[in-house]
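In what follows, chains are A, B, ... by sequence order, proteins preceding strands, each numbered from 1.
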Amino acid sequence: MSTGPTILDELEWRGLLAQTTDDAALRDHFASGPVTVYCGFDPTAPSLHFGNLVQLVVLRRMQRAGHRVIVLVGGSTGQIGDPKPTAERVLKTKDQTAANVARIKSLVTPFLDFAGDNAAILVDNLDWTAPLSALDFLRDVGQHFRVNQMIRKESVAARLNSEIGISYTEFSYQILQAMDFLHLFRTLGCTVQTGGQDQWGNLTAGVDLIHRVEGRSAHVITTPLLTDEHGNKFGKSEGNAVWLSSDMTSPYAFYQYWINIADSQVGRLLRVFTDRTAEEIEALERATAETPHLRAAQRVLAADVTTLVHGPTATEQVEHASRVLFGKGDPAALDAGTLRDATAELAGGTVDPGSTVVDALVATGLADSRGAARRLIGEGGVSVNNVKVTDVEHVLGAGDFLHDEVALVRRGRKHLAAARKAS
RNA sequence: GGCAGGUUGUCCGAGUGGCCAAUGGAAGCGGACUGUAAAUCCGUCGGCGUACGCCUACGCAGGUUCGAAUCCUGCACCUGCCA
């Protein structure tokens, strides 16, 4: 048995360990040699989000520690959907699910090494679920599940006790996921499944199935649900999810999300998401305490995570844009090239010369409606090229379009957009 | 299949014929203070119009009425109990 720090120790100090099926057994298991681990991602959306990112970094750390990782994309489970506490899911069409599967596969790829002698494996559970007939499912799989136990799972129990109830479809979800674990156990020797804490019931369903059918033990590791000091889940920006796909959340918006993380939370997130050492992170935490206005920790966090998801080139671009746009200088002083680069990432819209600021706010998406735009101006929350606008009727003149191209429209302190002059 | 209850704005949740674009809370958004942070205080929070105003909205479709989120009918969905 090895004595050095294991992957479990690392997950622990990084705050990525919520619960395991059996701590001691799991430690022995990991110490005994490379382990095969899997985590599933359901294609319920066209992209992955913050919560999935947590799982991806767990797999990444696993692989780096020398273990074999399997990424499962839920072509079948995604057609069902795990029971959400608040509502029955609206089922996606099979086409939608298939399209999402394709997108998610490509999103996952950069996080892991799919080549070499410890290559990660990508599987789709539709491959072994689709051929199964309903009758075989009920006879061969269903017989191993006790409804008494199934209804005690928290996700199911919560729904049974609510007035929403639960459909048979979602009730069955845990069986599908258990089948996945069993299948991977049999075909690839997979013995560990990871997932979010809220997935505990679904994950352990697989452990139970393996035990019952194969008489062997398998393990589950869950990560804590990351919430901020108010108990809100991370990964929401303006009520919208922070996605990993650049066409759903631009790299600029992604970077901005991380740079705005509260001081009290930045250390935790550095541990979870970056490869920084404990010493580096502690130094950054000291920096936050001593010189908070420099936001050193947030800058590192934003840069590291953006690089992880979008690559170093994108990070350089959004860092540069952020420096320019949030700098104190007069944007009119910027040269045309710098300005163009900086605004390229921003939300934008085109406006005709002679349009009002209200038009520009709506066109750029900074305001949802003209009424909202007017209200914002009335509240003193709008500026053009860093000059506050007080007149609702203010017309964008030729001088407002820097280099005859673009006007920098700002809502509040940190929401910027580029109003490009229509030609 | 029967009976009972429910479906309100982003969410929770009031509202039982006019004073309702709809009480209240939360979230969101803006301002002040700051550091693109937190806390706090203030403001705001369906759409169009500068505005008297108009339009859309209280599950869906009809109806009664001068007038309906509020009453009636049908439908859909949800919950519970019974078969």
Side-chain angles (χ1 to χ4, degrees), chain A residues 83-91 158-171 227-242 252-270 284-285 287-303 306 318-329 331 342 345-347 356-359 361-362 364-383 386 388-395 408-417:
Chain A
K84 286 198 292 185
T86 48
E88 188 80 14
R89 288 177 186 274
V90 179
L91 292 178
R159 287 277 295 276
L160 282 173
N161 292 328
S162 78
E163 36 177 61
I164 314 159
I166 185 167
S167 66
Y168 187 70
T169 308
E170 290 191 4
F171 174 65
T227 57
D228 63 21
E229 68 267 48
H230 308 292
N232 296 318
K233 280 195 262 187
F234 280 108
K236 296 272 182 190
S237 166
E238 311 238 328
N240 299 314
V242 174
Y252 170 80
F254 188 84
Y255 179 88
Q256 284 291 318
Y257 173 77
W258 296 95
I259 205 120
N260 275 295
I261 294 293
D263 291 2
S264 62
Q265 307 298 318
V266 69
R268 287 173 64 203
L269 298 187
L270 278 164
L284 286 167
E285 286 178 318
T288 294
E290 287 159 16
T291 52
H293 55 283
L294 297 181
R295 310 174 69 78
Q298 278 92 339
R299 282 178 207 286
V300 169
L301 176 67
T306 305
V318 296
E319 276 184 316
H320 179 67
S322 296
R323 265 197 306 274
V324 169
L325 297 170
F326 286 95
K328 297 194 184 67
E345 279 279 343
L346 293 179
T356 63
V357 176
V358 169
D359 294 325
L361 284 164
V362 174
T364 54
L366 285 181
D368 291 333
S369 67
R370 303 177 56 79
R374 254 183 249 110
R375 204 180 300 130
L376 279 167
I377 295 170
E379 289 166 342
V382 176
S383 66
N386 288 352
K388 184 177 281 193
V389 175
T390 50
D391 179 11
V392 174
E393 295 295 309
H394 181 80
V395 171
L408 216 49
V409 185
R410 187 188 296 258
R411 185 198 88 208
R413 189 64 209 123
K414 54 194 174 194
H415 299 100
L416 280 152

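- At a cut-off of 3.5 angstrom, counting only N and O atoms as typed in the model, there is no donor on one side facing an acceptor on the other between the side-chain of A/E393 and the base of B/U50.
- Within the nucleic acid shown, A/I259 comes within 4.0 Å of at least one base atom, counting heavy atoms only.
- Within the 4.0 angstrom heavy-atom criterion, no nucleotide atom of any strand lies near A/S264.
- Contacts of A/Q265 with the nucleic acid, taken as non-hydrogen atoms under 4.0 Å apart, are absent.
- B/C81 and B/G2 make up a base pair, with Watson-Crick or G-U wobble contacts both under 3.5 Å.
- A salt bridge is defined here as a Lys NZ or Arg NE, NH1 or NH2 lying under 4.0 Å from an Asp or Glu carboxylate O, and A/D263 with A/R295 fails to meet this definition.
- Side-chain proximity of A/N260 to the nucleotides B/U36, B/C29, B/G35 is greatest for B/U36.
- Taking only side-chain nitrogens and oxygens, A/R413 never comes nearer than 4.0 Å to OP1 or OP2 of B/G31.
- At the heavy-atom level, A/R295 lies under 4.0 Å from base atoms of the strands shown.
- Using a 4.0 Å cut-off, no side-chain N or O of A/K388 falls inside it from OP1 or OP2 of B/G31.
- Under the Watson-Crick and G-U wobble criteria, each requiring two contacts below 3.5 Å, nucleotide B/C45 is left unpaired.
- Look at B/A22: it lacks any Watson-Crick or wobble partner with both distances under 3.5 angstrom.
- Residue A/S322 is classed as a base contact, given a heavy-atom separation below 4.0 Å to a base.
- Within 3.5 Å, a donor on the side chain of A/E379 pairs with an acceptor on the base of B/G43, or the reverse.
- The nucleotide B/U7 finds its pairing partner in B/A76, both defining distances of the Watson-Crick or G-U wobble pair being shorter than 3.5 Å.
- Between A/H415 and B/G30 there is a side-chain N or O to OP1 or OP2 distance below 4.0 Å.
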